[in-house]
Amino acid sequence: QVQLVESGGGLVQAGGSLRLSCAASGRTFSSYAMGWFRQAPGKEREFVATISWSGGSTYYADSVKGRFTISRDNAKNTVYLLMNSLKPGDTAVYYCAARIYSGSNYSPASYGYWGQGTQVTVSS
């Protein structure tokens with residue numbers, strides 16, 4: 001069992017930056033690939049980024065590639081999402097999750113142990 005708590009969201013102007021953190025409890029954190037997803041009002045939850053258990057492999061949605069960076073510190077049981085050059089279209093609740101099922105890296109159905117989410121609002 002892994003419990004996840006996101007933090008670091010807030011209100012930022014377009015072009016600004018935020019760093020989200022996802023703190024995990026449980027001894028098995030380092031064995032899971034981790035992902036960040038986001039959900040805007042009235043829209044489905046969408047993939048943002050994922051990182052392998054070792055941190056050696058990362059994948060990003062095309063919409064955030066070159067602007068967002070996912071990383072992890074297994075010693076601290078934490079995964080991060082650094083978001084630069086933020087746009088109003090990035091406004092959403094951001095969730096972290098552990099990849100515990102087989103399937104696509106990009107599908108929410110491959111992930112479990114979701115956090116409660118943190119709101120990111122980007123003003124124009």
Side-chain angles (χ1 to χ4, degrees):
Q1 188 81 10
V2 175
Q3 293 184 328
L4 303 173
V5 179
E6 301 96 335
S7 61
L11 174 63
V12 64
Q13 288 188 332
S17 299
L18 284 174
R19 189 179 79 157
L20 306 184
S21 298
C22 173
S25 64
R27 299 179 182 179
T28 57
F29 168 80
S30 61
S31 65
Y32 294 119
M34 298 294 296
W36 284 96
F37 291 77
R38 66 186 182 186
Q39 188 166 17
K43 294 188 177 181
E44 293 188 351
R45 192 167 296 189
E46 65 171 0
F47 169 78
V48 175
T50 187
I51 187 167
S52 62
W53 67 270
S54 67
S57 296
T58 58
Y59 301 92
Y60 298 91
D62 287 342
S63 59
V64 307
K65 201 172 294 183
R67 299 188 298 122
F68 290 11
T69 302
I70 188 171
S71 61
R72 67 188 299 162
D73 186 338
N74 286 341
K76 295 183 178 180
N77 276 11
T78 302
V79 63
Y80 304 97
L81 185 68
L82 175 62
M83 306 185 294
N84 294 323
S85 303
L86 282 161
K87 305 175 181 179
D90 295 318
T91 295
V93 177
Y94 283 71
Y95 300 89
C96 68
R99 188 167 181 274
I100 63 173
Y101 303 113
S102 61
S104 169
N105 274 329
Y106 312 110
S107 171
S110 300
Y111 293 77
Y113 302 138
W114 293 85
Q116 83 291 345
T118 185
Q119 176 71 47
V120 172
T121 303
V122 184
S123 63
S124 57

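Throughout, residue positions are numbered sequentially from 1 according to the sequence presented.
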Rounded at 0.5 Å granularity, tell me how far [atom1] in [X] sits from [atom2] in [Y].
X: Glu46; Y: Trp36; atom1: CD; atom2: CH2; value: 14.5 Å
X: Arg67; Y: Ser85; atom1: CZ; atom2: OG; value: 7.0 Å
X: Leu81; Y: Glu6; atom1: CG; atom2: CD; value: 11.0 Å
X: Ile51; Y: Ile70; atom1: CD1; atom2: CD1; value: 5.5 Å
X: Tyr80; Y: Cys22; atom1: OH; atom2: SG; value: 10.5 Å
X: Leu20; Y: Cys96; atom1: CG; atom2: SG; value: 9.0 Å

In the structure I gave you, are the side-chain heavy atoms of [X] and [Y] within less than 4.5 Å of one another anywhere?
X: Tyr32; Y: Arg99; value: no
X: Tyr113; Y: Gln1; value: yes
X: Trp53; Y: Met34; value: no

Does one hydrophobic cluster hold both [X] and [Y], with members joined at side-chain heavy-atom distances below 4.5 Å?
X: Phe37; Y: Val122; answer: no
X: Val93; Y: Met83; answer: no
X: Val48; Y: Leu4; answer: yes
X: Val79; Y: Phe68; answer: yes

| query | Is the cationic atom of Arg45 (NZ for Lys, CZ for Arg) positioned less than 6.0 Å from the six-membered ring centroid of Trp114 and within 45 degrees of its normal? | reply | yes
| Within 45 degrees of the axis of the six-membered ring of Tyr95 and under 6.0 Å from its centre: does Arg38 put its NZ or CZ there? | no
| request: Could you tell me whether Lys87 and Asp90 make a salt bridge, using a distance below 4.0 angstrom between a side-chain N and a carboxylate O? | output: no
| message | Is it the case that the side chains of Asn84 and Ser17 hold a donor-acceptor pair, with the cut-off being a distance below 3.5 Å and no angle test? | response | yes
| task | Could you go through the side-chain hydrogen bond (donor to acceptor under 3.5 Å, both in side chains) check for Asn105 and Thr50 one step at a time? | result | CA-CA 7 Å; Asn105 274 329; Thr50 187; 4.6 Å; no
Any side-chain to backbone donor/acceptor pair from [X] onto [Y]? Under 3.5 Å, distance only.
X: Thr121; Y: Leu11; value: no
X: Ser110; Y: Ser104; value: yes
X: Ser31; Y: Thr28; value: yes
X: Arg19; Y: Gly9; value: no
X: Arg72; Y: Lys76; value: no

| request: Check the surroundings of atom CD in Gln119: do more than 12 heavy atoms from other residues, nucleotides or ligands lie under 6.0 Å from it? | output: yes
| Tyr106: what forms a ring-ring contact (aromatic ring centres under 6.0 Å, His included) with it, not counting sequence neighbours? | Phe47
| message | Which heavy atom of Ala14 sits nearest to which heavy atom of Pro88, and what is that distance? | response | CB-CD, 4.1 Å
